[in-house]
Amino acid sequence: MSPEQELLEKWRTLDKEKQEEVLDFVKFIHAKMVKTQPLTPANKSQLGKRLRQIRAEIVSSGEQMFTQDELEKEIANRRGGLQETDT
């Protein structure tokens, strides 16, 4: 008997409440596994694909990309202003 068959056979003997507990546990394990897997072309989100497409369009247009420092300053400005200190 395969592990899948054994699991299903034992699962069927449980009451509904216990079946839900088992299902919740399997969902938890699956979600944990998905979070730790590296992204591959098959599981990248549509948003990620669109963001890479936008970046490629910007680069091909000749527009300069922000450095990390410039990006942090831009974010700070948009969130209420950059606070420069005299150091």
Side-chain angles (χ1 to χ4, degrees):
M1 177 182 303
S2 74
E4 181 180 0
Q5 290 170 325
E6 183 179 2
L7 177 63
L8 188 54
E9 182 180 296
K10 290 182 191 246
W11 185 77
R12 287 180 175 152
T13 66
L14 300 173
D15 62 45
K16 286 283 187 193
E17 185 178 301
K18 293 298 181 186
Q19 286 178 347
E20 287 298 320
E21 283 184 42
V22 171
L23 185 56
D24 287 344
F25 181 67
V26 170
K27 287 178 182 177
F28 168 76
I29 292 172
H30 183 264
K32 191 171 151 183
M33 179 189 70
V34 168
K35 287 180 184 177
T36 60
Q37 287 180 339
L39 289 177
T40 63
N43 65 4
K44 289 182 181 173
S45 71
Q46 290 298 317
L47 175 60
K49 289 177 184 178
R50 180 68 181 127
L51 290 172
R52 284 187 296 282
Q53 180 184 16
I54 291 169
R55 183 186 187 283
E57 291 171 9
I58 293 170
V59 169
S60 68
S61 75
E63 184 75 25
Q64 290 293 318
M65 301 292 287
F66 282 154
T67 64
Q68 183 67 33
D69 189 48
E70 291 168 332
L71 179 61
E72 289 171 5
K73 286 179 182 178
E74 180 69 19
I75 291 169
N77 281 329
R78 289 176 185 248
R79 290 184 177 168
L82 183 61
Q83 304 295 320
E84 293 286 340
T85 58
D86 295 327
T87 55

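None of the values given here were measured: they were computed from a predicted structure. All values below come from the heavy atoms of this structure, side chains included, with hydrogens, waters and symmetry mates left out.
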For this session: Kindly write out the residues that satisfy side-chain hydrogen bond (donor to acceptor under 3.5 Å, both in side chains) with Gln68, not counting sequence neighbours, or none if the list is empty.
Result: Glu72

For this session: Quick one: list whatever passes side chain to side chain contact (heavy atoms under 4.5 Å, CB included) with Glu17, sequence neighbours left out.
Result: Asp15, Glu21

Seminar exercise, completed: Applying side chain to side chain contact (heavy atoms under 4.5 Å, CB included) to Ser60 and not counting sequence neighbours gives none

For this session: Tell me, please, which residues at least two apart from Arg50 pass side-chain hydrogen bond (donor to acceptor under 3.5 Å, both in side chains).
Result: Gln53

Exercise. Who passes salt bridge (Lys or Arg N to Asp or Glu O under 4.0 Å) against Glu74, sequence neighbours left out?
Worked result: Arg78

Exercise. Donor-acceptor pair, Arg55 side chain versus Leu51 backbone, under 3.5 Å?
Worked result: no

For this session: Just jot down the salt bridge (Lys or Arg N to Asp or Glu O under 4.0 Å) partners of Lys10, sequence neighbours excluded, or say none.
Result: Glu6

For this session: Please go through Val26's hydrophobic cluster and name the other residues, only I, L, V, M, F, W, Y counting, with side-chain heavy atoms under 4.5 Å joining them.
Result: Leu8, Trp11, Leu14, Val22

Seminar exercise, completed: salt bridge (Lys or Arg N to Asp or Glu O under 4.0 Å) filter on Glu70, not counting sequence neighbours, yields none

For this session: Could you identify which residues cluster with Leu23, counting Ile, Leu, Val, Met, Phe, Trp and Tyr as linked when any side-chain heavy atoms lie under 4.5 Å apart, either directly or through a chain of such contacts?
Result: none

For this session: Mind checking salt bridge (Lys or Arg N to Asp or Glu O under 4.0 Å) for Asp24 and listing every partner two or more places apart, or none if nothing turns up?
Result: none

Exercise. Should side-chain heavy atoms under 4.5 Å link Ile, Leu, Val, Met, Phe, Trp and Tyr, which residues sit in the same cluster as Val59?
Worked result: Ile54, Ile58, Met65

